[in-house]
Amino acid sequence: MAAKILVVEDEAQLARLIELELDHEGYQVVVKYNGRDGLEALKKEEFDLVLLDIMLPEIDGMEVCRRLRDFSDVPVIMVTAKDAVPDKVEALDMGADDYITKPFAIEELLARIRALLRRKYNGNRDKNDILEIADLVIDKSKYLVKRGDRELELTKKEYDLLVYLVENEGIVLSREDILSNIWGYDYLGETNIVDVYIRYLRSKVDDPYENKLIKTVRGVGYVLRNDLK
Ligand code: CA
(Lines give C-alpha, C1' and ligand atoms only; values in the text may rest on other atoms or scores of the structure.)
Protein backbone atom coordinates (compact mmCIF):
# COMPACT_ATOMS: atom_id res chain seq x y z
CA MET A 1 0.00 0.00 0.00
CA ALA A 2 1.26 3.43 -0.94
CA ALA A 3 2.10 5.69 1.98
CA LYS A 4 -0.44 8.46 2.44
CA ILE A 5 0.97 11.95 2.87
CA LEU A 6 -0.79 15.12 3.98
CA VAL A 7 0.65 18.35 2.61
CA VAL A 8 -0.39 21.52 4.45
CA GLU A 9 0.83 24.46 2.39
CA ASP A 10 -0.88 27.75 1.59
CA GLU A 11 1.21 28.63 -1.45
CA ALA A 12 -0.94 27.01 -4.11
CA GLN A 13 1.82 26.77 -6.69
CA LEU A 14 4.29 25.12 -4.34
CA ALA A 15 1.56 22.83 -2.99
CA ARG A 16 0.74 21.75 -6.53
CA LEU A 17 4.39 21.09 -7.35
CA ILE A 18 4.87 18.97 -4.22
CA GLU A 19 1.64 17.11 -4.91
CA LEU A 20 2.75 16.24 -8.45
CA GLU A 21 6.19 15.09 -7.32
CA LEU A 22 4.84 12.92 -4.50
CA ASP A 23 2.17 11.48 -6.75
CA HIS A 24 4.86 10.69 -9.31
CA GLU A 25 6.79 8.80 -6.61
CA GLY A 26 3.71 6.67 -6.00
CA TYR A 27 2.51 8.27 -2.75
CA GLN A 28 -1.12 9.01 -2.03
CA VAL A 29 -1.36 12.77 -1.49
CA VAL A 30 -3.91 15.00 0.21
CA VAL A 31 -3.40 18.80 0.14
CA LYS A 32 -4.84 21.33 2.59
CA TYR A 33 -4.25 25.07 2.31
CA ASN A 34 -4.54 26.26 5.90
CA GLY A 35 -3.82 25.01 9.38
CA ARG A 36 -7.43 24.51 10.39
CA ASP A 37 -8.25 22.28 7.41
CA GLY A 38 -4.97 20.41 7.91
CA LEU A 39 -5.78 19.66 11.53
CA GLU A 40 -9.33 18.60 10.63
CA ALA A 41 -7.98 16.18 8.02
CA LEU A 42 -5.57 14.72 10.58
CA LYS A 43 -8.42 14.11 13.00
CA LYS A 44 -10.55 12.37 10.40
CA GLU A 45 -8.04 10.33 8.42
CA GLU A 46 -4.92 8.23 8.99
CA PHE A 47 -1.76 9.55 7.37
CA ASP A 48 1.71 8.03 7.21
CA LEU A 49 3.46 11.40 7.12
CA VAL A 50 2.69 15.14 7.25
CA LEU A 51 4.52 17.89 5.42
CA LEU A 52 3.63 20.97 7.41
CA ASP A 53 4.42 24.56 6.47
CA ILE A 54 5.05 26.84 9.44
CA MET A 55 3.58 30.08 8.05
CA LEU A 56 -0.05 29.14 7.50
CA PRO A 57 -3.35 31.04 7.65
CA GLU A 58 -5.93 30.24 10.36
CA ILE A 59 -3.69 28.13 12.60
CA ASP A 60 0.07 28.24 12.05
CA GLY A 61 2.16 25.11 11.53
CA MET A 62 3.71 25.17 15.01
CA GLU A 63 0.30 25.21 16.62
CA VAL A 64 -1.01 22.50 14.29
CA CYS A 65 1.93 20.32 15.27
CA ARG A 66 1.45 21.00 18.99
CA ARG A 67 -2.25 20.09 18.84
CA LEU A 68 -1.59 17.11 16.59
CA ARG A 69 0.71 15.58 19.19
CA ASP A 70 -2.23 15.30 21.57
CA PHE A 71 -3.74 12.54 19.48
CA SER A 72 -1.21 11.27 16.94
CA ASP A 73 2.46 10.36 16.56
CA VAL A 74 2.41 10.55 12.77
CA PRO A 75 5.84 11.66 11.46
CA VAL A 76 5.95 15.40 10.71
CA ILE A 77 8.34 17.33 8.48
CA MET A 78 8.09 21.06 9.12
CA VAL A 79 8.74 23.47 6.31
CA THR A 80 10.43 26.66 7.44
CA ALA A 81 10.46 29.72 5.23
CA LYS A 82 13.87 30.87 6.28
CA ASP A 83 16.99 29.27 7.56
CA ALA A 84 16.34 30.52 11.07
CA VAL A 85 17.77 28.36 13.82
CA PRO A 86 15.19 29.29 16.49
CA ASP A 87 12.45 28.17 14.07
CA LYS A 88 14.03 24.75 13.69
CA VAL A 89 14.52 24.33 17.40
CA GLU A 90 10.94 25.38 18.04
CA ALA A 91 9.69 23.00 15.34
CA LEU A 92 11.45 20.07 16.96
CA ASP A 93 10.22 21.19 20.38
CA MET A 94 6.67 21.14 19.05
CA GLY A 95 7.12 17.48 18.18
CA ALA A 96 8.22 17.67 14.54
CA ASP A 97 10.49 14.82 13.43
CA ASP A 98 12.39 16.79 10.82
CA TYR A 99 12.38 20.14 9.05
CA ILE A 100 13.33 21.45 5.66
CA THR A 101 14.06 25.02 4.65
CA LYS A 102 12.50 26.79 1.67
CA PRO A 103 13.55 26.88 -1.06
CA PHE A 104 14.45 23.20 -1.12
CA ALA A 105 15.41 20.78 -3.86
CA ILE A 106 12.61 18.27 -4.39
CA GLU A 107 15.18 15.45 -4.23
CA GLU A 108 16.11 16.48 -0.72
CA LEU A 109 12.48 16.50 0.33
CA LEU A 110 11.94 13.04 -1.17
CA ALA A 111 15.02 11.68 0.62
CA ARG A 112 13.79 13.04 3.96
CA ILE A 113 10.34 11.55 3.37
CA ARG A 114 11.83 8.15 2.57
CA ALA A 115 14.05 8.23 5.66
CA LEU A 116 11.17 9.15 7.94
CA LEU A 117 8.83 6.53 6.50
CA ARG A 118 11.54 3.90 6.89
CA ARG A 119 11.97 4.90 10.53
CA LYS A 120 8.22 4.76 11.06
CA TYR A 121 7.85 1.29 9.59
CA ASN A 122 10.87 -0.08 11.42
CA GLY A 123 9.56 1.46 14.61
CA ASN A 124 6.21 -0.21 14.17
CA ARG A 125 7.78 -3.54 13.54
CA ASP A 126 9.80 -3.26 16.74
CA LYS A 127 6.73 -2.26 18.65
CA ASN A 128 4.79 -5.25 17.40
CA ASP A 129 7.75 -7.51 18.05
CA ILE A 130 7.27 -9.39 14.82
CA LEU A 131 10.36 -11.07 13.36
CA GLU A 132 10.10 -12.55 9.90
CA ILE A 133 12.46 -14.49 7.68
CA ALA A 134 11.23 -16.59 4.75
CA ASP A 135 8.06 -18.31 6.04
CA LEU A 136 9.29 -18.25 9.64
CA VAL A 137 7.44 -15.75 11.82
CA ILE A 138 8.12 -14.99 15.48
CA ASP A 139 5.66 -12.87 17.40
CA LYS A 140 7.56 -11.91 20.54
CA SER A 141 4.55 -10.26 22.17
CA LYS A 142 2.68 -13.56 22.02
CA TYR A 143 5.71 -15.83 22.38
CA LEU A 144 4.54 -17.50 19.17
CA VAL A 145 6.63 -19.18 16.45
CA LYS A 146 5.24 -20.27 13.11
CA ARG A 147 6.56 -21.72 9.90
CA GLY A 148 4.01 -21.22 7.19
CA ASP A 149 0.68 -21.92 8.83
CA ARG A 150 2.08 -24.29 11.41
CA GLU A 151 2.72 -23.25 14.96
CA LEU A 152 5.95 -24.63 16.42
CA GLU A 153 6.29 -25.80 20.00
CA LEU A 154 9.63 -24.64 21.38
CA THR A 155 11.10 -24.81 24.85
CA LYS A 156 12.21 -21.54 26.46
CA LYS A 157 15.90 -22.12 25.57
CA GLU A 158 15.08 -23.14 22.01
CA TYR A 159 12.94 -20.05 21.64
CA ASP A 160 15.66 -17.74 23.02
CA LEU A 161 18.21 -19.34 20.72
CA LEU A 162 15.98 -18.95 17.67
CA VAL A 163 15.20 -15.29 18.45
CA TYR A 164 18.92 -14.62 18.90
CA LEU A 165 19.70 -16.23 15.53
CA VAL A 166 16.89 -14.39 13.73
CA GLU A 167 17.79 -11.03 15.26
CA ASN A 168 21.31 -11.58 13.92
CA GLU A 169 20.13 -12.77 10.53
CA GLY A 170 23.04 -13.22 8.12
CA ILE A 171 25.68 -12.77 10.85
CA VAL A 172 27.84 -15.75 11.71
CA LEU A 173 27.66 -16.39 15.45
CA SER A 174 30.38 -18.34 17.21
CA ARG A 175 29.52 -20.97 19.82
CA GLU A 176 30.95 -18.56 22.40
CA ASP A 177 28.63 -15.75 21.21
CA ILE A 178 25.64 -18.02 21.49
CA LEU A 179 26.73 -19.49 24.80
CA SER A 180 27.27 -16.12 26.49
CA ASN A 181 24.05 -14.64 25.10
CA ILE A 182 21.70 -17.52 25.78
CA TRP A 183 23.27 -19.31 28.71
CA GLY A 184 25.15 -16.39 30.25
CA TYR A 185 28.82 -15.72 30.83
CA ASP A 186 28.82 -17.70 34.02
CA TYR A 187 27.71 -20.90 32.34
CA LEU A 188 30.06 -23.65 33.44
CA GLY A 189 28.68 -26.65 31.61
CA GLU A 190 29.76 -28.24 28.38
CA THR A 191 30.24 -25.94 25.38
CA ASN A 192 28.70 -28.56 23.15
CA ILE A 193 25.37 -27.60 24.69
CA VAL A 194 25.12 -25.09 21.81
CA ASP A 195 25.40 -27.86 19.22
CA VAL A 196 22.90 -29.96 21.14
CA TYR A 197 20.34 -27.14 21.19
CA ILE A 198 20.95 -26.24 17.57
CA ARG A 199 20.08 -29.86 16.81
CA TYR A 200 16.86 -29.65 18.85
CA LEU A 201 15.98 -26.41 17.12
CA ARG A 202 16.66 -27.77 13.65
CA SER A 203 14.48 -30.80 14.28
CA LYS A 204 11.55 -28.41 14.80
CA VAL A 205 12.33 -25.40 12.65
CA ASP A 206 14.22 -26.84 9.67
CA ASP A 207 14.07 -30.62 9.31
CA PRO A 208 10.42 -30.86 8.25
CA TYR A 209 10.87 -28.07 5.70
CA GLU A 210 12.49 -27.71 2.30
CA ASN A 211 14.13 -24.32 2.96
CA LYS A 212 16.73 -24.80 5.73
CA LEU A 213 17.43 -21.56 7.56
CA ILE A 214 20.03 -22.53 10.17
CA LYS A 215 23.44 -23.11 8.57
CA THR A 216 26.57 -24.53 10.11
CA VAL A 217 29.73 -22.55 9.46
CA ARG A 218 32.49 -25.10 9.89
CA GLY A 219 34.99 -24.29 12.58
CA VAL A 220 33.14 -21.11 13.54
CA GLY A 221 29.54 -21.54 14.56
CA TYR A 222 26.12 -20.94 13.10
CA VAL A 223 24.21 -18.44 11.00
CA LEU A 224 20.53 -18.07 10.22
CA ARG A 225 20.00 -17.07 6.63
CA ASN A 226 17.36 -17.41 3.94
CA ASP A 227 19.08 -18.58 0.75
CA LEU A 228 15.85 -18.80 -1.24
CA LYS A 229 15.04 -15.16 -1.86
CA1 CA B 1 3.20 29.48 3.97
Side-chain angles (χ1 to χ4, degrees), residues 1-133 137 139-141 167 169 229:
M1 258 267 288
K4 192 170 162 190
I5 299 177
L6 175 67
V7 177
V8 191
E9 171 62 71
D10 61 314
E11 287 167 53
Q13 234 180 326
L14 179 60
R16 181 70 187 138
L17 173 73
I18 294 170
E19 184 182 13
L20 286 173
E21 292 286 348
L22 294 182
D23 181 72
H24 181 72
E25 292 296 308
Y27 297 115
Q28 238 185 299
V29 191
V30 174
V31 181
K32 297 293 173 190
Y33 300 95
N34 66 61
R36 190 173 305 280
D37 290 350
L39 202 55
E40 278 308 304
L42 286 159
K43 281 179 186 161
K44 282 192 215 129
E45 295 174 62
E46 281 268 323
F47 291 94
D48 296 297
L49 190 140
V50 185
L51 192 65
L52 185 60
D53 188 25
I54 287 184
M55 300 286 280
L56 286 172
E58 308 275 337
I59 306 172
D60 75 37
M62 293 288 187
E63 183 61 18
V64 171
C65 193
R66 199 183 63 78
R67 293 193 203 173
L68 171 65
R69 284 294 175 246
D70 286 342
F71 62 89
S72 168
D73 56 3
V74 60
V76 174
I77 299 178
M78 287 278 215
V79 182
T80 65
K82 51 194 183 302
D83 198 358
V85 175
D87 254 15
K88 291 177 180 175
V89 172
E90 205 187 336
L92 296 175
D93 276 351
M94 286 297 145
D97 299 271
D98 200 359
Y99 53 80
I100 190 163
T101 307
K102 285 184 196 174
F104 49 79
I106 202 76
E107 280 311 319
E108 189 189 347
L109 177 65
L110 294 175
R112 283 166 189 262
I113 288 173
R114 280 194 299 271
L116 216 46
L117 288 174
R118 208 159 41 230
R119 238 196 284 164
K120 173 182 149 84
Y121 293 138
N122 288 341
N124 282 350
R125 205 176 49 202
D126 288 348
K127 223 184 285 165
N128 295 332
D129 285 333
I130 305 276
L131 300 171
E132 262 187 285
I133 172 167
V137 179
D139 185 340
K140 287 165 77 182
S141 65
E167 284 180 339
E169 180 191 345
K229 275 185 185 164

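Whatever order the structure lists ligands and atoms in, that order sets their numbers, starting from 1. When reading the values below, keep in mind they use all heavy atoms of this one structure, side chains included, and skip hydrogens, waters and symmetry mates.
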Discussion item. From the N, O or S atoms in Asp10, identify the one nearest to the Ca ion (ligand 1).
Written reply: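 Distance check against the Ca ion (ligand 1) picks out OD1 in Asp10.
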Discussion item. Which atom name does Asp53 have for its N/O/S atom nearest to the Ca ion (ligand 1)?
Written reply: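 Among the N, O or S atoms of Asp53, the one closest to the Ca ion (ligand 1) is OD2.
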Practice prompt. Could you confirm whether Glu9 has any N/O/S atom lying under 3.0 Å from the Ca ion (ligand 1)?
Written response: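 Looking at Glu9, which is the residue asked about, there is no N, O or S atom under 3.0 Å from the Ca ion (ligand 1).
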Item to complete: Verify the distance test for Glu11 against the Ca ion (ligand 1): any N/O/S atom under 3.0 Å, yes or no.
Response: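 False for Glu11.
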Fill in: Step-by-step side-chain contact (heavy atoms from CB on, under 4.5 Å) determination, Leu109 to Leu51
CA-CA 10 Å; Leu109 177 65; Leu51 192 65; 3.5 Å; yes
Worksheet item: Shortest non-hydrogen contact from Lys4 to Val30?
Response: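 Answer, listing the atom of Lys4 first, then Val30: CE-CG2, 4.2 Å.
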Worksheet item: Between Gln28 and Asp48, does a side-chain contact (heavy atoms from CB on, under 4.5 Å) hold up when you go through it step by step?
Response: CA-CA 10 Å; Gln28 238 185 299; Asp48 296 297; over 6 Å; no
Discussion item. Can you tell whether the side chains of Glu40 and Arg36 come within less than 4.0 Å, N to carboxylate O?
Written reply: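 No, Glu40 and Arg36 are not salt-bridged.
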